[in-house]
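One structure is given here, and the rest of the page talks about it.
Labels below follow one simple rule: chain letters A, B, ... track the order of the sequence lines, proteins then strands, and each chain is numbered from 1.
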Amino acid sequence: MSLEVIENYLPMFGDAFLLTVKIGWIGIVLAFVLGIGCAFALYYKVPFLSFIVKCYIELFRNTPLLVQLFFIYYGLPAVGIRISVQVCGILGLGLLGGSYMAESIRSGLDAVPLIQTESALSLGMTKWQIFRLIIWPQAFGMSVPGLVANVIFLLKETSVFSAISLMDLMFTAKDLIGLHYNTTESLFLLVLFYILMLLPVSFAGSYIEKKARFGMFGE
Amino acid sequence: MGIEVIFKGKNLLRLLEGLGAAMKISLISVIISIVLGIVLGMLMASKRPMINLILRIYLEIVRIMPQMVLLFIVFFGFTKLTGLNLSAETAALIVFSFWGSAEMADLVRGCLISIPPIQYESSQALGLSRIQTYIYVIIPQIVRRLLPLSINLITRMIKTTSLVMMIGIVEVLKVGQQIIEANRKSAPNAAFGVFAVIFLLYFLVCWPISCLSKYLEKKWAN
């Protein structure tokens, strides 16, 4: 391993790192918004919409991101829908993540016993009050472990972006290995930057999990 | 829409063969992972500080490193380091077993420590031998908790094996690309049809398995 090579490669990996982080987190935010929307549609059993949401969740939970990206990036332009590679990455990650987030949030919502809603109704609370004060705080606390696991999973999945020639960490490493055959240095930097990206999230995740635990009613 | 390309000649058969190549890799690594994972999980649940520390580090590596990075490290790094030529299939099997075993071990550990110690004590008080305790009391409970979770892991492993395309194994996505290339002139929008079919194929493989997992989970709840 030569330090000189690592020094030369560092700026390239730095750029790729920023791009990966940017696309990863935008995708995760999109996934979260989508997930909340879908979970509510399922929880409140919105007619027709909940059926579509169910199909969407099953479809995207049971296919690999790589296949989804290939479909969006190579398949859609064939029928006239053209999307830039970065938007494609964000969209792919958002759609995949949305289905996982929806499941986590929905299971949190389902875990709040129905009797609490009924009790709140009998106390004269409005629907919005019940949601804001009773259901959401408990449901969110319970879905946090799942959500954290999803965030880590989605950040890991960003490595798949290289398949559609997005200049992410993986792509840069592959490119440099092909160009100069400095395999050891490239792989070292690749691992280093992924640790940099995921270790803080992993630690923050366990911290948030501890903080977000709401005591359930009656515990 | 480019769907007709699929039914031309042996294209559908070739796609299925490609899917089979990916499934073969996932099936072998699933079997290795389950066996290794159960052993490692039992080791983790037993209280041996040194082994626990090593396994924790192993688990954390797998938790943080994307499978694709592991794949690259084994496929490119190993070759460079030792000068030996590692086939892409072997590299894929090593990586997916390495990853799957860690995930499985974590599930097994979780199930083992969820059994309260009072059950062991009660069994002893009832005069059951160690082996009887495991056969009649512990293992039935563990199987019920573990089975849905490990079936879920299988679908995740099947989905992840699609990555092997990136180290040059000819599987369903690669075959799809070849078909699109070959029909560039006659069907310029074949990409849509081919990738839509691959999307559907993966769904048809994974969906029944995750339904089974959900069904078992519901059936054995509490």
Side-chain angles (χ1 to χ4, degrees), chain A residues 20 55 58-81 96 103 149 152-153 155-163 168-171 173-174 177-178 181-188 190-191 193-203 205, chain B residues 1-2 22 60-81 152 155-156 158-167 171-173 176-177 180 187-211 214:
Chain A
T20 313
C55 293
E58 290 300 327
L59 204 57
F60 277 81
R61 274 180 72 93
N62 287 304
T63 44
L65 179 62
L66 189 59
V67 174
Q68 294 163 11
L69 285 179
F70 266 58
F71 180 71
I72 298 174
Y73 190 63
Y74 296 114
L76 289 185
V79 289
I81 305 166
L96 173 82
E103 279 286 282
I152 293 175
F153 162 72
L155 281 178
K156 278 165 74 179
E157 286 286 295
T158 55
S159 59
V160 176
F161 288 160
S162 59
D168 73 334
L169 283 171
M170 210 64 222
F171 188 87
K174 201 180 169 186
I177 290 173
Y181 206 59
N182 288 322
T183 316
T184 327
E185 290 83 358
S186 304
L187 288 178
F188 171 74
L190 179 67
V191 170
F193 275 106
Y194 266 111
I195 291 177
L196 206 64
M197 184 158 117
L198 281 151
L199 206 58
V201 180
S202 177
F203 282 134
Chain B
M1 298 275 267
E60 202 57 28
I61 292 174
V62 172
R63 210 167 95 98
I64 283 188
M65 275 299 122
Q67 291 85 351
M68 187 95 113
V69 175
L70 295 176
L71 211 56
F72 265 55
I73 291 174
V74 173
F75 188 57
F76 292 115
F78 182 83
T79 319
K80 175 94 178 191
L81 214 65
N152 213 11
T155 61
R156 278 167 58 206
I158 290 174
K159 283 184 283 175
T160 313
T161 31
S162 63
L163 296 183
V164 295
M165 179 220 175
M166 302 297 289
I167 55 168
E171 46 73 78
V172 60
L173 277 171
Q177 282 182 330
I180 292 163
N189 50 9
F192 181 79
V194 170
F195 287 128
V197 166
I198 294 175
F199 198 106
L200 212 65
L201 281 177
Y202 262 104
F203 177 71
L204 289 178
V205 171
C206 292
W207 191 54
I209 306 178
S210 36
C211 282
K214 251 187 213 154

**Asked** Given a strict heavy-atom distance threshold of 4.5 Å, which part of A:Leu199 is in contact with chain B: side chain, backbone, both, or neither?
**Response** both
**Request:** List the atom of B:Met68, the atom of A:Val160, and the distance in Å for their closest heavy-atom pair.
**Result:** CE-CA, 3.9 Å
**Message:** As an exercise: rank A:Leu65, A:Leu198, A:Ile152 by heavy-atom pairs under 4.5 Å with chain B and give me the winner.
**Reply:** A:Leu198
**Request:** Heavy atoms only, distances under 4.5 angstrom: which of B:Thr161, B:Leu173, B:Leu204, B:Thr160 has the most pairs with chain A? Name it, please.
**Result:** B:Leu173
**Prompt:** Is there side-chain contact between B:Ser210 and A:Arg61, with heavy atoms separated by less than 4.5 Å?
**Reply:** no
**Asked** Does B:Pro66 reach the side chain of A:Glu157, with side-chain heavy atoms less than 4.5 Å apart?
**Response** no
**Message:** Within the structure provided, determine whether A:Tyr194 and B:Ile64 are in side-chain contact (heavy-atom separation under 4.5 Å).
**Reply:** no
**Message:** Does any backbone or side-chain atom of A:Tyr181 lie under 4.5 Å from a heavy atom of chain B? Answer side chain, backbone, both or neither.
**Reply:** both
**Prompt:** So which heavy atom on A:Lys174 is nearest to which on B:Met166, and how close?
**Reply:** NZ-O, 3.8 Å
**Fill in**
For A:Pro64 and B:Lys159, the nearest pair of non-hydrogen atoms, with its separation, is CB-O, 3.3 Å
**Interface residue of largest heavy-atom contact number with chain B, from A:Val191, A:Leu155, A:Val201, A:Leu169, under 4.5 Å** = A:Val191
**Complete:** Between the OG atom in A:Ser186 and the CD1 atom in B:Ile73, the distance rounded to the nearest 0.5 Å is 12.0 Å
**Asked** Looking at B:Phe195, B:Phe203, B:Phe199, which one forms a ring pair (Phe, Tyr, Trp, His ring centres under 6.0 Å) with A:Phe71?
**Response** B:Phe199
**Item:** Any side-chain heavy-atom pair of B:Tyr202 and A:Asn62 under 4.5 Å
**Value:** no
**Request:** For residues A:Ser202 and B:Glu60, determine if any side-chain heavy atom of one lies less than 4.5 Å from a side-chain heavy atom of the other.
**Result:** yes
**Item:** Separation of A:Ser162 OG from B:Phe72 CZ (nearest 0.5 Å)
**Value:** 6.0 Å
**Reported OG-to-CD distance for the pair B:Ser162 and A:Gln68, which is rounded to 0.5 angstrom** = 9.5 Å
**Message:** Could you report the tightest heavy-atom contact between A:Met170 and B:Val69, atom names first, then the distance?
**Reply:** SD-CG2, 3.8 Å
**Message:** Report which part of B:Arg63 has an atom under 4.5 Å of a heavy atom belonging to chain A: side chain, backbone, both, or neither.
**Reply:** both
**Fill in**
Separation between CD (B:Gln177) and OH (A:Tyr74), nearest 0.5 Å, reads 6.5 Å
**Fill in**
Rounded to the nearest 0.5 angstrom, the CZ-CG distance for B:Phe192 and A:Leu76 is 6.5 Å
